[in-house]
*Asks:* 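Can you read through this structure? Questions will come right after.
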Amino acid sequence: MSWLALKIVSWLIHALVVMVSVGAVSRGNPKNTLPRALLVTFLVALLVTPFAWFWFLIIPGIIALVAWFIVYTIAYDIGFGQAFAAGLVQVALGLLVDYLLRPYVYVR
């Protein structure tokens with residue numbers, strides 16, 4: 001599988017994980033759609049990930065956390081508690097997806 005194809009598949013899997021995690025804490029949310037999940041995945045990658053790489057410096061970690069909460073609460077019109085719960089569900093699903101897919105993904 002080419003690098004680009006892997007990135008597209010990865011982006012879709014991340015978006016599906018976002019949809020499931022938001023759906024688990026906010027059932028019937030009309031804003032929980034695949035295009036919005038793709039946009040949220042892109043925004044988190046763009047805004048949160050650069051700060052998350054330096055989480056051990058405390059301030060960038062806090063900035064990443066606040067940015068993540070802002071993206072989720074605005075994108076899905078959910079509260080802080082629901083965003084936190086969605087994050088926990090997303091972590092659990094992400095670990096499961098990584099565990100299940102790691103042996104089968106090869107980059108050439």
*Asks:* Keeping to residues at least two apart or across chains, list the side-chain hydrogen bond (donor to acceptor under 3.5 Å, both in side chains) pairs with something in residues 31-47.
*Replies:*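 Listed once each, the pairs would be none.
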*Asks:* If you look only at pairs with a residue in residues 69-82, which of them pass as a side-chain hydrogen bond (donor to acceptor under 3.5 Å, both in side chains), with sequence neighbours excluded?
*Replies:*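 Matches after skipping sequence neighbours: Tyr72-Gln90.
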*Asks:* Running the 4.5 Å side-chain criterion over Ile, Leu, Val, Met, Phe, Trp and Tyr, what cluster does Ile74 land in, apart from itself?
*Replies:* Ile58, Ile62, Val66, Ile70
*Asks:* Please enumerate all residues that pass side-chain contact (heavy atoms from CB on, under 4.5 Å) together with Leu65, with sequence neighbours excluded.
*Replies:*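 For Leu65, the residues satisfying side-chain contact (heavy atoms from CB on, under 4.5 Å) (neighbours in sequence not counted) are Phe69.
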*Asks:* What pairs with Asn29 under side-chain hydrogen bond (donor to acceptor under 3.5 Å, both in side chains), at least two apart in sequence or on another chain?
*Replies:*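 By the side-chain hydrogen bond (donor to acceptor under 3.5 Å, both in side chains) rule, Asn29 matches Ser26.
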*Asks:* Got a list of side-chain donor-acceptor pairs under 3.5 Å for residues 4-18, not counting sequence neighbours?
*Replies:*
| unit_1 | atom_1 | unit_2 | atom_2 | d |
| --- | --- | --- | --- | --- |
| Trp11 | NE1 | Leu38 | O | 3.3 |

*Asks:* Taking all non-hydrogen atoms of both residues into account, name the closest pair between Ala45 and Pro50 and its distance.
*Replies:* O-CD, 3.6 Å
*Asks:* State yes or no: do Ile78 and Leu88 share one hydrophobic cluster built from I, L, V, M, F, W and Y residues joined by side-chain heavy-atom distances below 4.5 Å, directly or via other members?
*Replies:* yes
*Asks:* Do you reckon Phe80 sits in the same ILVMFWY cluster as Val48, going by side-chain contacts under 4.5 Å, direct or chained?
*Replies:* yes
*Asks:* In the hydrophobic cluster built from side-chain contacts under 4.5 Å, what are the other members alongside Ile63?
*Replies:* Phe51, Ile59
